[in-house]
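To start, the structure itself, in structure tokens.
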Amino acid sequence: MKQQKDIIGQRKEKIQKLIESGVELFPNDYRVSHTVKDIQGLLDGQSSDLSEDTRFSVAGRIMAINRFGKSSFLRFKDRTGQLQAYIRKDKVGDDAYDLYKKMDIGDFIGMAGPMFQTKTGEWTLLADSLRLIAKAMRPLPEKFHGLKDPEKRYRQRYLDLIMNPEVRDLFVKRSKLVHAIRMFLIDRDFLEVETPMMQPLPGGADARPFKTYHHALNMELFLRIAPELYLKRLVTGGFERVFEINRNFRNEGISTQHNPEFTMLEFYQAYATYEDLMTLTEEMFQSVAKSVNGLSEVEYQGELIDFSQSWKRIPLLDSLEQIAGVDPALFENKEKLMNFGLSKGIPFGDQARESVGIGKIMTKLFDILVEPKLIQPTFITGYPVEVSPLSRRNRENPDLTDRFELFIAGREIANGFSELNDPEDQKNRFLRQLDTKEEGDETPEMIDEDYIRALEYGMPPTAGEGIGIDRLAMLLTNSASIRDVILFPHMKHSEKS
RNA sequence: GGGUCGUUAACUCAGUCGGUAGAGUAUCUGCCUUUUAAGCAGAGAGUCGCGCGUUCGAGCCGCGCACGACCCA
């Protein structure tokens, strides 16, 4: 007989013995009367229900075992928390105790019995019956150090969630965050909608899309890079306040700030302006931060971020002047502005000299010289038309738009603007975008004619905004990497087992 | 794309000068009916990420590759 000596092999031998003795490894008829939290609630109230006559039926995963000869302590957890149980041979009987001796850390166990206090005063379930509920074939990571290897944590998130309670708490917070946003908008009469993830033309942003193919329709489709153009069709259709919280897909690099699929909130409000949305955003963040953390401030990577006051609103050009030290005279001259950037060590691609206008130079300077310095929540307003193809022109300066971006902790968190609802202007801007399309861009040489047509039917004056949910989640959970707030971040295929 | 670091038992990690692969936890056996990372005695467990090279000899040195982390672009 070949002896398997690795842990999984040992475990499988034990399982074989359990099967031979007639134990069901994966029953599904166990009924739970109380969660751990239910019991702890009774303990806090020192309820009379804790008398010896009251039995609790609980279930969960075994996390630790202290075995003695004919008795044993174990710690198990369910979705609500951890609890200790005490198993005595003379309480559960010989057969059950033999079964228990073959059970392992990681197994799911069901137990029933009253609560009692140990010598040290810890409330503990005194099991008078127990059952195996689900067998674990693989051992859990070590109890003290847990699972630390970041690669394994991302690739096997279930293990990360079992072993690291703070990870579990983080994703609970993320869920609360999304819920709080939803409630905030619904309270303000916004309608939640779902628009296509697969689009014949990827619009609403400037990014490389994922391409796919629908065989029955015999057509190429793109995973959406933004829902914007569909949501505005809905505003045209009479849904004057809409929002969508859903995934966008961008076929670009992966980093601590970028995942190929990420979650975006977009919302649109008719008869509002970008200035209204800035105020709404302040209210939303204050409300959401309180729902998630109980505070309207949060510590992020050593900086205390305060959402409670109203936030600075700085025009883009002023920010370049005040924060990056750019001489405003340079704003009139693309060459001189670019030379200023080069003197600061900012590389511009070769084609920047030819096809790109001064607006893109300005935003490039901003990205490098200003953005990292915007730690407290700050709205930057007045973006050049050139980089804002869907935004309404500013009344006083038609080269700029009524648009803002929100920066917190040196990062872009939100982008909003008064929407361009003039179909002629919109069509011309789409056409101009086609002219400046970069080489290698696989997006079809087409503009979204139906979106133009929708605008031609008339869209009310509207303001809209997108907020990166992952980045907001990072902020509210003090996470340095986007992977820490995405349950299953994308990884390369691994050859390791 | 570039740089730095990492990959050793199920997990967390040591591994000196290139000379038989180590610890703790976990696992297995025995003892133990109030433990708290329980205790005591014993045992088993390794494709040292993968490949090539240098060498009498490579976990360790060199080259290449894979995957990951961080920084830079």
Side-chain angles (χ1 to χ4, degrees), chain A residues 2-17 62-77 82-94 96-97 100-107 113-128 136-160 162-164 252-259 301 341-342 344-350 352 364 367-368 371-372 410 440 479-484 489-497:
Chain A
K2 189 188 168 193
Q3 203 181 2
Q4 281 194 291
K5 292 189 170 169
D6 63 291
I7 288 188
I8 295 169
Q10 282 179 339
R11 187 83 57 109
K12 282 183 177 163
E13 282 178 11
K14 225 160 43 165
I15 288 165
Q16 194 55 41
K17 283 180 192 160
I62 300 174
M63 297 304 293
I65 298 179
N66 281 352
R67 292 183 199 274
F68 298 85
K70 298 181 182 64
S71 76
S72 173
F73 285 93
L74 68 88
R75 199 164 287 280
F76 72 98
K77 74 174 180 188
Q82 287 206 21
L83 189 70
Q84 179 170 263
Y86 187 46
I87 316 275
R88 294 170 56 127
K89 192 173 185 178
D90 58 4
K91 287 277 182 188
V92 298
D94 292 357
Y97 203 76
Y100 173 70
K101 281 202 284 193
K102 292 196 182 68
M103 288 172 64
D104 296 295
I105 292 170
D107 289 357
M115 296 296 294
F116 79 108
Q117 278 180 294
T118 64
K119 270 202 264 190
T120 58
E122 179 169 350
W123 280 101
T124 301
L125 183 94
L126 180 61
D128 54 36
M137 305 260 177
R138 293 173 181 269
L140 289 178
E142 187 229 343
K143 60 187 168 189
F144 191 58
H145 297 94
L147 182 67
K148 286 192 170 168
D149 178 4
E151 186 173 353
K152 190 154 272 193
R153 287 185 45 223
Y154 297 143
R155 288 188 194 277
Q156 294 179 255
R157 183 69 91 181
Y158 43 90
L159 275 185
D160 193 23
I162 293 168
M163 298 310 297
N164 298 317
E252 294 173 351
I254 295 183
S255 75
T256 53
Q257 309 298 317
H258 299 89
N259 197 57
Q301 307 292 303
L342 290 168
K344 294 280 183 181
I346 298 171
F348 295 100
D350 290 340
K364 180 94 177 172
D367 288 349
I368 293 172
E371 180 172 332
S479 300
S481 170
I482 196 169
R483 288 181 205 93
D484 292 326
H490 282 283
M491 307 282 279
K492 281 198 193 177
H493 199 271
S494 169
E495 290 176 14
K496 293 181 200 174
S497 60

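Below, chain A is the first sequence line, B the second, and so on; all start at residue 1. Small disclaimer: the values here were computed from a predicted structure and weren't measured.
Of the side-chain N and O atoms in A/R67, none sit less than 4.0 angstrom from OP1 or OP2 of B/C32. At the phosphate of B/A38, OP1 or OP2 sits under 4.0 Å from a side-chain N or O atom of A/N66.
When both pairing distances are held under 3.5 Å, B/U36 makes no Watson-Crick or G-U pair with any nucleotide shown. Base-pair partner of B/U55: not found among the strands shown (Watson-Crick or G-U wobble, both distances under 3.5 Å).
Here A/Y97 lies out of heavy-atom contact (under 4.0 Å) with every strand. In this structure, A/T120 reaches the bases: a heavy-atom distance under 4.0 Å links it to at least one base atom across the strands shown. Counting any heavy atom pair closer than 4.0 Å across all strands shown, A/M163 reaches no nucleic acid atom. At a threshold of 4.0 angstrom between heavy atoms, the contacts of A/R153 with the nucleic acid are absent. As judged by a 4.0 angstrom heavy-atom cut-off over every strand, A/D90 is placed among the base-contacting residues. Within 4.0 Å (heavy atoms only), A/R138 reaches no atom of the nucleic acid at all.
Without hydrogens or angle criteria, A/R11 side chain to A/A136 main chain gives a donor-acceptor distance under 3.5 Å.
Among all heavy-atom pairs drawn from A/D128 and A/G113, the shortest one is OD2-CA, 3.7 Å.
The side chain of A/R75 has B/U36 as its nearest neighbour among B/C11, B/C67, B/U36. The listed nucleotides are B/C11, B/A69, B/A38; the one nearest the side chain of A/K152 is B/C11. With distances taken from any side-chain atom of A/I105 to the nucleotides B/C32, B/A26, B/C28, the minimum falls on B/A26. Among the nucleotides B/C32, B/C70, B/C11, the one closest to any side-chain atom of A/R483 is B/C70. Comparing B/C70, B/G68, B/U36 against the side chain of A/T118 picks out B/U36 as the nearest. Distance from the side chain of A/K119 is smallest to B/U35 among B/C28, B/U35, B/A10. Counting only heavy atoms from C-beta on, A/L147 has its side chain closest to B/C11 among B/C32, B/C71, B/C11.
Around NZ of A/K77, the count of heavy atoms belonging to other residues, nucleotides or ligands within 6.0 Å exceeds 12.
Where A/T124 and A/K148 meet RNA chain B, the nucleotide closest to each residue was compared, and A/K148 sits on the side nearer the 5' end. Of the two residues near RNA chain B, A/K89 and A/K492, the one whose nearest nucleotide lies more 5' is A/K89.
Comparing the C1' positions of B/U8 and B/A14 gives an interatomic distance of 10 Å, to the nearest angstrom. Atom name C1', nucleotides B/A66 and B/G22: the rounded distance is 27 Å, in whole Å. Spacing of P atoms, B/A43 relative to B/G6, comes out at 35 Å, to the nearest Å. Using atom C1' as the reference point in both B/C72 and B/A37, the two lie 41 Å apart (nearest Å). Nucleotides B/C71 and B/U54, compared at atom C1', are 33 Å apart to the nearest Å. A distance of about 38 Å separates the C1' atoms of B/A41 and B/A58, rounded to the whole Å.
Take A/F76 and apply the ring-ring contact (aromatic ring centres under 6.0 Å, His included) test, not counting sequence neighbours, and it matches no residue.
Side chains of A/Y100 and A/S72: a donor-acceptor N/O pair is present below 3.5 angstrom, by distance only.
Not a single donor-acceptor contact under 3.5 angstrom links the side-chain atoms of A/R11 to the base of B/U27. Between the base of B/U36 and the side chain of A/E122 there is a donor-acceptor pair shorter than 3.5 Å.
Between A/D160 and A/R157 there is a salt bridge, since a side-chain N of the basic residue sits under 4.0 Å from a carboxylate O of the acidic one.
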